[in-house]
Amino acid sequence: MNRALCAQRIGMLQASATAWHAASTLETSPEWRSDAAERERTVTRSIQPATEPPETLFLTSLTDSAAVGKGLPDVLTTDRLASDTATQLSLLSQHDRERLASALRTYADGREAFAKDELTAACSASSAAEGALTSLKSPLALLVREQHIRCQCTRAQTGCLDRIRSLRTELVGLRRYPWLSARTAYAEGQTLYRQGRIYDAAESFHSALDEFAAVGDSASVGLTHSVLGNTYAAAGESDAALEHHLAAIRLRFHYRGDRRRIELEDAMLFLLRHDYVSAAELLLDEMASAPATAAGRAMEAALRGVIAFRNGHVQNSEHQFDHARLLLDQVDDRTLRAETRRSVLLAEAGTGIGSSRRRLADIEATTTMAEREETSLYLPRMLTERGIAFEAAGEPVRAEQDYLRAMSILESRELRIDQSSLVLGPSTAQDSAFDHAIVLYLKQRRVADALSAAERSLSVRISSLYARGMQGRDMFRSDRGDAASSIGDIQESLRAGQVAVALYLLKDAVITWIVTPSGVSAVRRPIGAEQLIDVVARLHSCASIDACRDDPELERASNLLLRDWIQQVPRGATLWLQKPVELQALPFAMLTTQDGEPLLLRNPITTVSDLGELIRVQSRDAARAGSSSALFLAAAHPRGSLEPLPTATWEVTQAARSYRGARVDVQARRRTFGQGALPYAVIHFAGHVLVNDEQPLFSALVFDDGLLYIHELDPRAFSRARLVVLAGCDTGRAPKPRMSVADALLSQHVPSVVYTLWPVDDASAADFAVAFHQAISAGKSRAESVQQAAASIRRAYPDRSSAWAAFQLAGAPGPITKTRRRES
Amino acid sequence: MHMSPPPNRRCVRAKWAFAVTTAMVVAICAGGLGTAARRDQLVRDADALPCRLMEGRLSSAFAYRPFRRGEDVPRRSLFPLRTAESVLRQRWQVRHDKTSGRQAAEARLLAADAQGAIALMTELLERDSRRPDLLSAIHTSRDASLLSDFSAAMLQRPADPKALVLALEAADRAWQLQPTSTTA
């Protein structure tokens, strides 16, 4: 019963009706049975009347009216296209009316061809219709012109984006045809999406959605929801993508060709990508009930193959893919056949079924086609697949070329790697081009090249599309203007007594590079990524509640992540540590050497998001050197239900004594952390921090006069800051990769931030702060100061890892002041 | 010399947990309640209502009642359910075992606290399947009735697309485990 209800609410009416039927058959209680039977009847009734979209109705009545010259009411709210056409029709001679009817039929044929992806026929029909309708001065010429441009854009003709924008401007100016105007917004979005300009595409699609809704064209609203689902998915915004895909499933219309199936396919790929296998499988029933061409049936068979594979039925899966290939032969249009073949191939490649020989031949053909057609959203995945096939065929040079090209495309688009493959293949088992390049380079013993590929992968990061949605600023997006740093640059930037260590997680191994001024070496430790993430999650969990004293997870994590390479690092050397985003929660300082010594006591540590940041933060820090003025803020009396923090007052008062002339504000207000912070090099915040897991831009620092959200941070306020200490709970916890409160400040070019890995108690936070600032003012480096302060807490409370392992430094590790004497 | 600040905590969560634990222990010591009987009473109280407040169906043997939205039901009629929920919650906080967790979650749901029920069932699912994330916990759990109840609870969040899909995954898994169950 619950299954039926879920399917019904999602809009999977076929599956829901079947489930209600099963429930009513199995139920023994007469009342529950009668309820289920009634619901089955209701759902079955709502399956039947799928409505014709307004466009179809409009065209049919227009063609009929044109033949006889009769009037035509406007079917869409505020849009005058129908009535204007009718008015103009009444002025035409019988001969011209026949010409107009003929042009409309040509246009309708073109639409049909376009819906079937038969682009050559579609473009030529719309071109002919546009010419005829323009000569008749019919307002319908605008509709046909829009269709013609859309057709050209789909074929990736140059300049079509300008043409569609120019038409949109014209239509907006006319103010009579908002429906057509909405169509141009949709077409603009499609074109931008194909060009990989995901964020611009999302904005155009949102305009189209609003405009279609305003004129009452629900069918187009459904289509737009579907493409918005794909767009958000490509941007890594999974929740928004799901919302739009479900909205598209619910709106049921008789679209032309395979349009409904394509909507369902997109939703299904999304669900599969996110492991919602049951939901995807039930959606197949919905798909089977939609009208289909041969291409649609081939795709359905391929998806059945994918789902069978995901459910562990390999034989059935192979059978479905064979069936899909047979159905491909029934597709008449060559272009469409090739495109469907590509999709089937991608789906099959995701399962790993099929011989590498056959795959290489198929992939060569489909990649070439993808390159030619500029449907480049698919291209990175195709190139990666071809690279894998080249490697399997013993052609590493060609494989490398393909991986590098795929990497460049992904970098230029700012797509999130794992999400970009969402639209390209349904398997979660796929690696990125970066991963394959790393493995290839390591096989060839090109250690520095492998590290370089890993670094490039890290720079392709998630962007917060929702920042735009809420008209807010994306504080996690730092400028990408900095040129990528070579490994040689990084080596040159390492100062005496510094070593850089980069960790990178592959599907089946963790790679660690050790970079010193004189060389680069790498260690590969085989381990499943999920397994390692699990170990780290458990270690984080026990460390944060003081339960790790003899924990086997600490031993396992130390073995996996430290002991293979730590002997290459001199004792006392400062470690620049780059942790993979999946392991951000790892309390690295807790890991122990073979002799059981915690890393905390052996080496000072600072973390960076990528090794290139090592150069950037040092240069920013050097540019701001000279001042050690300090600002200490305690928000001890927050509003609302949060506890007061009297210790925070004690903390800032004590810690500020380490700096001459430090400003102390024990009733800190939001503004003080904004413009008030501008003159200071060292800024310390003691107070509550609220991390928003769903929307990290709404994480907030709590001040006495309210919350200061991350998106409200003023980047100018930190233009002189060299060090910000965030002594609150969870300030380094990133609910989405690299979206912690500390990350927000680092993205605003603060050279170094001290943050916490989990909630900290007041007493140890205060102890840490006092010891840390004393060390800083004594001329110790920032990394040594964190080490020294944490070690002092460890001496006092050796079993309380939650206290001593919570604090970490990110960014520039060097000293703020030269000597204590100078400060005093 | 090491100076210790006053012992209050920066983390609200920890302080809150302490307060709840104290309150709970006091309540249990004072009560000595017959919780098994309370649970049966919960079913009787739910059956005594003229309607059910959740559209999904729980796996326990509740009698059929037509569905009505919560806002249409007088608050006082929920009082017996809330009382039973309070007792079962305390029992769960003391015992922290699966049975008491299931009963407490069910009671929360019947007492119109869907959010609390979802949180508790999520914990039970993740603990039961030893999986750190909810979706894989659903896919590996073998407890059909817990999955089914979880699905019913998630259906109480109709505006949340993710909740809807998770509800479907849980209901489908429950149905695969027990294809003859009408609840799933």
Side-chain angles (χ1 to χ4, degrees), chain A residues 1-7 9-10 12 19 22-23 26-29 31-33 35-36 238-239 242-243 245-247 271 274-279 281-282 533-534 537-538 641-648 650-651 654 686-688 727-729 759-763 765-767 770 792 796, chain B residues 2-16 54-59 61-67 130-133 135-136 138-139 147-155 158-176 179-184:
Chain A
M1 195 179 142
N2 290 339
R3 191 165 161 263
L5 199 52
C6 295
R9 288 218 190 139
I10 290 175
M12 301 171 179
L26 291 167
E27 182 59 61
T28 51
S29 148
E31 287 157 314
W32 283 112
R33 188 170 57 233
D35 183 73
S238 309
D239 290 351
L242 179 63
E243 189 179 342
H245 277 308
L246 294 193
L271 292 168
H274 289 79
D275 271 341
Y276 298 122
V277 182
S278 298
E281 191 169 7
L282 290 175
I533 292 167
D534 236 28
R538 283 200 291 267
S641 59
L642 292 170
E643 292 287 313
L645 300 170
T647 316
W650 179 89
E651 171 183 323
Q654 290 293 317
H688 288 297
C729 289
V760 286
D761 70 59
D762 236 8
D767 280 349
V770 174
S792 74
Chain B
H2 184 76
M3 294 179 68
S4 286
N8 63 314
R9 299 196 145 234
R10 180 154 299 162
C11 181
V12 181
R13 198 185 311 165
K15 193 157 192 169
W16 181 84
M54 44 189 293
E55 200 170 7
R57 187 173 171 185
L58 290 172
S59 51
F62 291 98
Y64 173 80
R65 295 287 178 272
F67 166 64
R130 295 169 190 272
R131 293 295 179 125
D133 72 291
L135 187 55
S136 57
I138 289 170
H139 287 160
L147 286 161
S148 198
D149 289 355
F150 176 76
S151 169
M154 290 300 258
L155 279 164
D160 179 352
K162 198 171 175 181
L164 210 46
V165 181
L166 284 169
L168 179 57
E169 293 291 317
D172 196 57
R173 172 78 182 155
W175 182 77
Q176 282 168 19
T180 53
S181 159
T182 51
T183 314

What distance separates A:Ser278 OG from B:Gln176 CD, expressed to the nearest 0.5 Å? 5.0 Å

Decide, yes or no, whether a salt bridge links B:Glu169 with A:Arg3 under the criterion of side-chain N to carboxylate O below 4.0 Å. no

To the nearest 0.5 Å, how far apart are CG in B:Leu168 and CZ in A:Arg9? 12.0 Å

In terms of heavy-atom proximity below 4.5 Å to chain B, should A:Ile533 be classed as side chain, backbone, both, or neither? neither

For B:Ser148 and A:Asn2 the tightest heavy-atom approach is O-ND2, 3.0 Å

Taking atom CE of A:Met1 and atom OG of B:Ser59, what is their separation to the nearest 0.5 Å? 12.5 Å

Gap separating the OH atom of A:Tyr276 from the NZ atom of B:Lys162, nearest 0.5 angstrom: 5.0 Å

What distance do B:Asp160 atom CG and A:Asp239 atom CG have between them, rounded to the nearest 0.5 Å? 8.0 Å

Heavy-atom cut-off 4.5 Å, strictly under: side chain, backbone, both or neither for B:Leu135 against chain A? side chain

Taking the side chain as every heavy atom from C-beta outward, state whether A:Cys6 and B:Leu155 have any atom pair closer than 4.5 Å. yes

Can you measure from CG (A:Leu5) to CZ (B:Phe67) and round to the nearest 0.5 angstrom? 8.5 Å

For B:Pro158, is it the side chain, the backbone, both or neither that has a heavy atom under 4.5 Å from a heavy atom of chain A? both

Chain B heavy atoms under 4.5 Å from A:Ile10: which part of the residue, side chain, backbone, both or neither? both

Are A:Leu242 and B:Leu164 side-chain neighbours, meaning at least one heavy-atom pair lies under 4.5 Å? no

